[in-house]
Structures are given as C-alpha cells and as structure tokens.
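Structure record follows, encoded as structure tokens.
What you see is a predicted model; the values in this text were computed from it and never measured. Numbers restart at 1 for each chain; the letters A, B, ... are given by sequence-line order, proteins then strands.
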Amino acid sequence: MEDSKKTLNFIEEIIEEDIRNGKHGGRVHTRFPPEPNGYLHIGHAKSICLNFGLAVKYKGKANLRFDDTNPVTEDTEYVEAIKTDIRWLGFDWDDREYFASDYFERLFQFALQLIDSGKAYVDDSSSEDIASLKKGPTESGIESPYRNRPPEENRQLFLRMRAGEFPEGSRVLRAKIDMTSPNMHLRDPVLYRILYKEHHRTGNKWCIYPMYDFAHGQCDSIEGITHSICTLEFENHKPLYNWFIRELGIFPSQQYEFARLNLSYTVMSKRKLLKIVNEGLVEGWDDPRMPTIAAFRRKGYTPASIRNFASLVGVAKRDNVIDLSLLEHSVREDLNKIALRKMVVKDPLRLTLTDYNQEGEQVEIENNPEDESSGSRSVNFSRNLYIEREDFMENAPSNFFRLKPGGMVRLKGAYIIICNKVVKDTQGHIVELQCSHIPESRSGSDHSGIKVKSTIHWVEASTSVDVELRLYDRLFSVEDPNSKDDFMQFINPDSLKIEKYAKAEASLMQPEPDQHYQFVRLGYFKSDPDSKSGVPVFNRTVTLKDGWAKSKQKTD
RNA sequence: UGACCCAUGGUGUAACGGUAGCACUACAGAUUUUGGUUCUGUCUGUUAAGGUUCGAAUCCUUAUGGGUCAACCA
C-alpha cells in the first residue's frame with residue numbers, strides 16, 4: 001500500500017529475521033480476527049492495515065477470521081458490517097474467509113485429546129467456586145475437588161455435556177495445568193462451557209462452546225498462521241497458547257503483541273462505544289462523531305487517509321494516545337488534492353452591490369487550485385449576494401482583514417468591493433450590507449492596481465440553493481476520556497452543530513454522492529445519505545486549518 | 001504487595017555500542033484571489049542512580065513511574 005519507511009517496526013524486524021532464517025520456508029501468513037459483536041473502529045483499522053499490510057509487503061497472505069465463540073453477543077449483522085469496512089479500507093482476503101465456528105468440531109477433538117492425555121477435566125463446581133479457588137494474583141490457587149477425575153470419566157462427562165444432558169452452567173471443561181502459577185491464565189483455565197444459545201452460524205448444533213483462549217490459538221494453528229499479531233493485553237495469555245500448541249502437537253503459530261491505538265478526545269472500547277450508542281448520545285454506530293470506520297466513511301474520510309494515518313502512528317509496545325490532529329492532518333493532506341472547491345455560505349448575510357447595474361454575469365472559478373486538470377466552472381454573479389456573516393465586523397480590530405465599514409475585500413473569482421453602508425433592523429441586528437464594486441478589478445482582468453488583504457467567499461442570491469451543513473466537533477471535551485471511569489460525564493455537548501439555512505452555489509443541488517468537496521474557507525464536506533428529501537445535507541469531514549481562529553482564540 | 005510488559009521533545013515514532021533524526025503540534029517568516037495550500041526557520045527530548053566500555057538512548061543492576069492479568073467475555 002503506502003510506501004514502506006526505511007526503518008522497520010519491531011514486527012517487521014521479526015518477520016525479516018524469520019525470513020532470513022527460513023522459518024516456515026520464509027512464508028508469512030497473518031490474519032485479522034474480529035469478534036462479530038460490534039462495529040470496527042479506527043483502532044481496528046490500525047490492526048487491519050498492519051495484518052493485511054504485512055501480507056502485501058512480504059508477499060504472504062492474510063486471512064479474515066471471525067472469532068465467533070460466544071453466541072450470546074454475536075450476530076451476522078456485524079459480520080457484514082465488518083466485511084464492508086475492511087473492503088472499503090482497500091484490503092482483500094480472497095476466499096480466505098473463516099469463522100472459529102467452522103472449527104468447532106476440530107476444537108472439540110482437541111479437547112478430547114487433552115482429556116485422554118490427562119490434561120483436561122470436567123469440573124462440576126459453580127463458577128463462583130471456581131473463581132474463589134483461583135484466588136488472587138498474589139497468592140496460590142487451590143485445586144478443584146474434581147481435578148483428579150480419571151480420563152475415561154472426563155471423556156464420558158464431556159461427551160454428555162455435548163449431548164445436552166446437563167443444564168447450562170452446571171459443568172465446564174478445564175485444562176489441568178497449575179493452580180499455583182503466578183500467571184492467572186495457567187490456573188486451570190476453563191476450556192468449554194455449556195450454553196443453550198442459538199449460534200448465528202451453527203444454529204442449535206452445539207450446546208457447548210469453546211472459550212476464546214481455547215479457540216483463538218488453535219484456529220491460528222489450523223490456518224497455518226505464522227505471525228499471530230494481537231494487542232498487548234493478550235501477552236499474559238501467550239504461555240497458555242504455547243501450552244496448547246505443545247500438548248496438542250499442532251502447528252506453532254507465534255504470537256506477537258503491539259500497543260493498541262488510542263485517540264485523544266475519544267474512547268475506543270466497544271463497551272463504551274456501545275453505551276454511547278445505546279444511550280442515544282449519537283444517532284448510531286455510523287454517526288460521524290463516532291470513531292468507527294463506518295462513521296469516518298460517512299463523515300467523508302478516505303480509505304487512503306486512514307491507511308496513511310495507520311502508517312504514521314507506527315507500531316510499538318508502548319501505551320500511546322495519538323493526537324487527533326494527526327488523523328486530521330492525514331485526511332486534509334489527501335482531500336486537498338482531490339476535493340472539488342465550491343462556495344457555500346453557512347450563515348448568510350445579504351450584500352447588495354448598489355452600483356452594479358448589469359443583469360448579472362458568469363464568473364469562472366477554478367475547481368481545485370492544487371489540480372489543474374480539474375478545470376474550472378461558471379458561477380452566477382449579480383448585485384444580490386450572500387456573504388458569511390462572520391466575514392463582516394463593524395468594529396474590527398486592526399488584524400481583521402475581512403469586510404468592515406469603509407473597508408475593501410475581494411469576492412473570490414469576482415470583484416473587489418467596498419462596504420458603504422450597514423443596514424440594521426429595529427433591534428439593531430445587521431440585516432444587509434450595501435457595497436459598491438470596482439469594475440476594473442474583475443478576476444482575470446484586474447487592472448485596478450488595488451491590493452486587498454482578504455478574499456471572501458459568497459453566493460449569488462437568486463440562484464443559490466438551500467443546503468444543510470452538519471458541523472462536527474470532538475465527541476469528548478477532555479483529552480483522555482478513556483482514563484475516566486465516569487467517561488460519560490465528559491461528552492462534548494457541542495459535538496454537532498447544524499446549519500440549516502446555508503446557501504450554496506446552484507451546482508450543489510445535486511451533489512455527487514462519492515465526491516469530496518471543499519467548501520472554500522469552511523472545510524471539507526461530503527454529502528450525507530440523509531440528503532434525500534429535497535434539501536442536500538453535507539457532513540463536514542474536517543475544517544481547514546484556520547490561523548485566524550487560532551489567533552482569535554489566544555486573545556479571547 | 002505475585003507474574004508479565006513498557007519507559008526518547010507537547011504527541012507519536014527512529015537511531016541495533018560511535019553526531020539523538022522524522023512526522024504531527026506549537027511558534028515565527030515568505031508566498032498566496034481560500035487567514036487554505038506551498039516554502040523556510042525556531043522551540044522543546046533519552047525517567048533516576050549506579051555499573052560495564054575509549055565511548056551508552058542502546059548492555060547490566062537497582063529504583064521510580066505506567067500498563068496488563070484474579071469473566072463459564074473476547
């Protein structure tokens with residue numbers, strides 16, 4: 001995908017070392033293993049780019065495998081959404097689409113193998129008893145009274161568990177490892193539990209389901225995954241996975257852990273995102289304020305910008321919180337090159353050119369100054385215009401370069417104008433500006449010799465169309481809401497601002513659904529699916545960098 | 001106070017015993033018919049203390065700080 005940097009991240013170093021040593025014949029095979037119980041977020045995007053990117057870089061393969069071992073939370077709705085997101089990001093798994101549930105029978109056989117070799121037993125204890133005998137990390141656990149059942153009895157019991165002879169929760173299958181291990185995962189972990197739940201793929205075929213720890217590593221092994229890449233919190237599980245590989249004598253996939261992505265001003269855990277959705281603080285998983293891939297897509301991010309972001313953040317083992325500004329930088333960089341420029345006034349103020357007596361005319365404005373091949377377009381111009389309310393200030397400070405009484409600005413692509421009169425209503429609100437123009441300053445044939453400090457955008461009044469602008473801000477008002485238990489307290493109440501009465505140049509009446517726009521001086525925008533009922537709706541992908549807003553903020 | 005992991009500018013990330021670099025941010029300036037873009041420049045860093053070495057961000061020890069683990073979740 002993106003050009004590889006000269007320096008390698010630690011996983012690439014391991015892979016190149018493995019290739020040099022001819023490990024697995026130099027084969028590189030990774031996988032992305034989502035659980036279909038929620039939508040993918042930008043943190044998953046990092047993992048997707050890593051796993052699929054590594055396969056591309058080292059001419060290997062990457063599988064898509066759904067870790068669907070818990071039927072109570074999983075659903076096909078999520079399976080489809082996840083596939084859509086990965087494809088949108090630009091990655092392909094060919095026909096290598098797998099499900100942990102595809103391997104249920106083999107996993108069951110693995111369990112029997114452990115039972116027969118005396119390495120697993122059926123435990124009749126309650127979950128409370130199992131938990132309490134495990135003890136805490138600072139003291140040894142105590143062995144279960146069922147721990148020394150003979151293999152043959154365990155086999156019969158486990159078979160009967162599968163046959164549905166026991167009630168849910170009455171028994172589990174556990175590995176027989178070491179109740180005194182300082183690693184909690186080695187204290188006879190549960191391998192199978194009884195669950196009378198319909199599975200989204202296997203239906204009612206099973207009433208026992210493997211635990212993640214008993215499934216994940218073996219699935220990797222079955223698929224011949226060479227480099228099993230996951231996040232840091234699974235580091236303590238690795239000794240257990242290696243124990244399974246050894247006891248079962250199966251393909252030795254090797255796990256490597258990297259630090260998950262955290263983004264400032266947002267949360268990344270599925271649990272927290274689900275809560276935000278369920279409590280109605282956003283419209284849904286693809287609400288553009290969410291950090292999900294679906295939300296970024298709807299907001300107007302490009303796959304390339306997210307891939308580039310993933311490469312900018314790097315891969316390491318240190319906990320991190322990435323500046324939101326890096327993501328924004330990445331999308332601006334991409335959009336600047338491809339977004340068609342349009343003029344839209346979000347908060348319109350009437351402006352009349354009192355000395356402009358023509359019917360009106362067409363002015364020619366470039367579609368993208370960064371891309372000559374994008375050409376130009378004709379824009380209607382007349383004596384009746386709208387400009388941005390905030391581009392006028394009655395008592396302006398000296399560093400305000402836009403319109404002020406007696407001041408001059410250029411109307412983008414048209415004339416230099418002078419503000420002569422401010423018209424107010426009875427309450428003193430400004431309702432109109434009366435200006436005159438300098439005919440010889442017309443863009444393209446300017447021989448006025450006048451230099452102005454500022455160029456502002458505008459739209460012609462009679463041909464303008466009404467559009468709705470949805471302006472987004474960070475979801476949280478604090479930089480690291482993840483660190484707060486009561487993270488919901490820090491939701492930004494102003495994360496969405498809707499401009500219902502924006503005026504746009506006529507061409508935006510029928511926006512191209514896939515086109516990215518830059519509304520000059522306002523930011524990058526993309527049409528929203530809500531646009532159907534006559535009024536076009538645009539999501540602001542990201543603002544433009546704004547030196548003026550920044551300097552204003554400082555003096556406030 | 002058990003085990004495992006981590007520690008480089010404001011934020012990320014390089015440097016593999018030999019000049020601490022890159023990106024983002026911030027700041028300053030130039031250019032600009034978007035206070036955008038582009039260009040130039042500036043600020044800020046090896047957690048601490050010992051050791052090994054001609055030489056340590058890098059190796060060792062200890063301390064300190066942070067993270068993960070005690071679901072029949074993944």
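Residues that satisfy the salt bridge (Lys or Arg N to Asp or Glu O under 4.0 Å) test with A/E16, not counting sequence neighbours, are absent from this structure. Residues passing the salt bridge (Lys or Arg N to Asp or Glu O under 4.0 Å) test with A/K503 are A/D466, sequence neighbours excluded. For A/Y524, there are no ring pair (Phe, Tyr, Trp, His ring centres under 6.0 Å) partners at least two apart in sequence or on another chain. In this view, A/R402 and A/D391 satisfy the salt bridge (Lys or Arg N to Asp or Glu O under 4.0 Å) rule, not counting sequence neighbours. Remark: A/A396 pairs with A/M393, A/F400, A/K404 by the side-chain contact (heavy atoms from CB on, under 4.5 Å) rule, at least two apart or across chains.
Checked by atom type and distance alone, the side chain of A/N63 never pairs as donor or acceptor with a backbone atom of A/R65 at under 3.5 Å. In this structure, the side chain of A/S264 engages the main chain of A/L324 through a donor-acceptor pair within 3.5 Å. Proximity of a side-chain donor or acceptor of A/E333 to a complementary backbone N or O of A/S330 within less than 3.5 Å is not detected.
An OP1 or OP2 oxygen of B/C72 is reached within less than 4.0 angstrom by no side-chain nitrogen or oxygen of A/R171. Look at A/T7 and you won't find any side-chain N or O under 4.0 angstrom from OP1 or OP2 of B/A15. Note on A/R318: a side-chain N or O is less than 4.0 Å away from OP1 or OP2 of B/U8. For B/G35, the OP1/OP2 oxygens have no side-chain nitrogen or oxygen of A/K550 closer than 4.0 Å.
Rounded to an integer number of Å, the gap from A/R260 CZ to B/G12 C1' is 17 Å. A straight line from CG of A/L544 to P of B/U38 spans 11 Å, rounded to a whole angstrom. Atom P of nucleotide B/G2 and atom CG of A/D178 are separated by 18 Å, given to the nearest angstrom. One interatomic measurement links the two molecules: CE of A/M393 to C1' of B/G35, which rounds to 13 Å at whole-angstrom precision. As rounded to whole Å, 12 Å separates atom C1' of B/U34 from atom CD of A/E388. As a whole-Å value, the separation of A/D446 CG from B/U32 P is 14 Å. As a whole-Å value, the separation of A/N482 CG from B/G66 C1' is 15 Å. Rounded to whole Å, atom P of B/C72 lies 12 Å from atom CG of A/L133.
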Strand RNA chain B in bracket notation, Watson-Crick/G-U under 3.5 Å with | for pairs to another chain: .((((((..((((....[..)))).(((((.......)))))....(((((..]....))))))))))).....
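Nucleic acid contact class of A/G523 (heavy atoms, under 4.0 Å, all strands): none. Using a 4.0 Å heavy-atom distance criterion, A/P369 is classed as a base contact. Contact annotation for A/T543: no contact, since no heavy-atom pair falls under 4.0 Å across all strands. Using a 4.0 Å heavy-atom cutoff across all strands shown, A/E328 reaches no nucleic acid atom at all. Residue-level contact check: A/F400 touches the bases, meaning some heavy atom is under 4.0 Å from a base atom. Nucleic acid contact class of A/R341 (heavy atoms, under 4.0 Å, all strands): base. Looking at heavy-atom distances under 4.0 Å, A/G38 makes no contact with the nucleic acid at all. Note on A/V321: only backbone sugar-phosphate atoms sit closer than 4.0 angstrom, heavy atoms only; bases stay farther off. Residue A/S126 is classed as a base contact, given a heavy-atom separation below 4.0 Å to a base.
For the segment residues 186-194 of chain A, residues with any heavy atom less than 4.0 angstrom from an atom of RNA chain B are, sorted by number, A/V190, A/R193.
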Polar atom pairs between nucleotides 62-64 of chain B and protein, under 3.5 Å, N or O only, would you list them?
none

Could you list all N or O pairs between the protein and nucleotides 44-47 of chain B that sit under 3.5 Å apart?
none

Taking only nitrogen or oxygen atoms into account, show me every contact under 3.5 Å that the protein makes with nucleotides 21-24 of chain B, one pair per line with its distance.
residue, atom, partner, partner atom, Å
B/C24, O2', A/S325, OG, 3.3

Write out a two-atom table: protein N or O, nucleotide N or O from nucleotides 67-70 of chain B, distance below 3.5 Å.
residue, atom, partner, partner atom, Å
B/G67, O4', A/D319, OD2, 3.3
B/G67, O2', A/D319, OD2, 3.4
B/U68, O2, A/N236, ND2, 2.9
B/C69, O2', A/H185, NE2, 3.3
B/A70, O2', A/K135, O, 3.4

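For A/H199 and A/F104, the ring centers sit closer than 6.0 Å to each other. Ring-centre distance between A/F110 and A/F214: not below the 6.0 Å cut-off. Checked against a 6.0 Å centroid threshold, the rings of A/Y517 and A/F525 do not count as neighbours.
Two residues, A/N70 and A/R442, neighbour RNA chain B, and the one matched to the more 5' nucleotide by heavy-atom proximity is A/R442. With RNA chain B read from its 5' end, the first of the two nearest nucleotides for A/E370 and A/T73 is the one closest to A/E370.
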Chi angles and distances behind the side chain to side chain contact (heavy atoms under 4.5 Å, CB included) call for A/W206, A/L195: CA-CA 8 Å; A/W206 293 89; A/L195 230 41; over 6 Å; no
A/L54/A/I229 under side chain to side chain contact (heavy atoms under 4.5 Å, CB included): CA gap, chis, key distance, verdict: CA-CA 11 Å; A/L54 251 15; A/I229 298 162; 3.4 Å; yes
Residue pair A/S448, A/I416: steps toward the side chain to side chain contact (heavy atoms under 4.5 Å, CB included) verdict: CA-CA 9 Å; A/S448 68; A/I416 291 175; 4.3 Å; yes
Stepwise side chain to side chain contact (heavy atoms under 4.5 Å, CB included) test for A/I86 and A/L40: CA-CA 9 Å; A/I86 300 173; A/L40 260 23; 4.0 Å; yes
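Distance from the side chain of A/D67 is smallest for B/A74 among the nucleotides B/C72, B/A74, B/U34.
Between the side chain of A/R410 and the base of B/U33 there is at least one donor-acceptor pair of N/O atoms closer than 3.5 Å.
In summary, A/E17 and A/R20 engage in a salt bridge, as defined by a charged side-chain N under 4.0 Å from a carboxylate O. The residues A/E361 and A/R442 are annotated as salt-bridged, a charged nitrogen and a carboxylate oxygen being separated by less than 4.0 angstrom. Between A/E390 and A/R521 there is no salt bridge, since none of the side-chain N atoms of the basic residue sits less than 4.0 Å from a carboxylate O of the acidic one. Salt bridge annotation for A/R260-A/D319: absent, with no cationic side-chain nitrogen under 4.0 angstrom from a carboxylate oxygen.
The ring-ring contact (aromatic ring centres under 6.0 Å, His included) pairs that include a residue from residues 254-273 of chain A are A/H227-A/Y256, where partners are two or more places apart or lie in different chains.
For the salt bridge (Lys or Arg N to Asp or Glu O under 4.0 Å) criterion with A/E366, the lone passing option out of A/R341, A/K412, A/R377 is A/K412.
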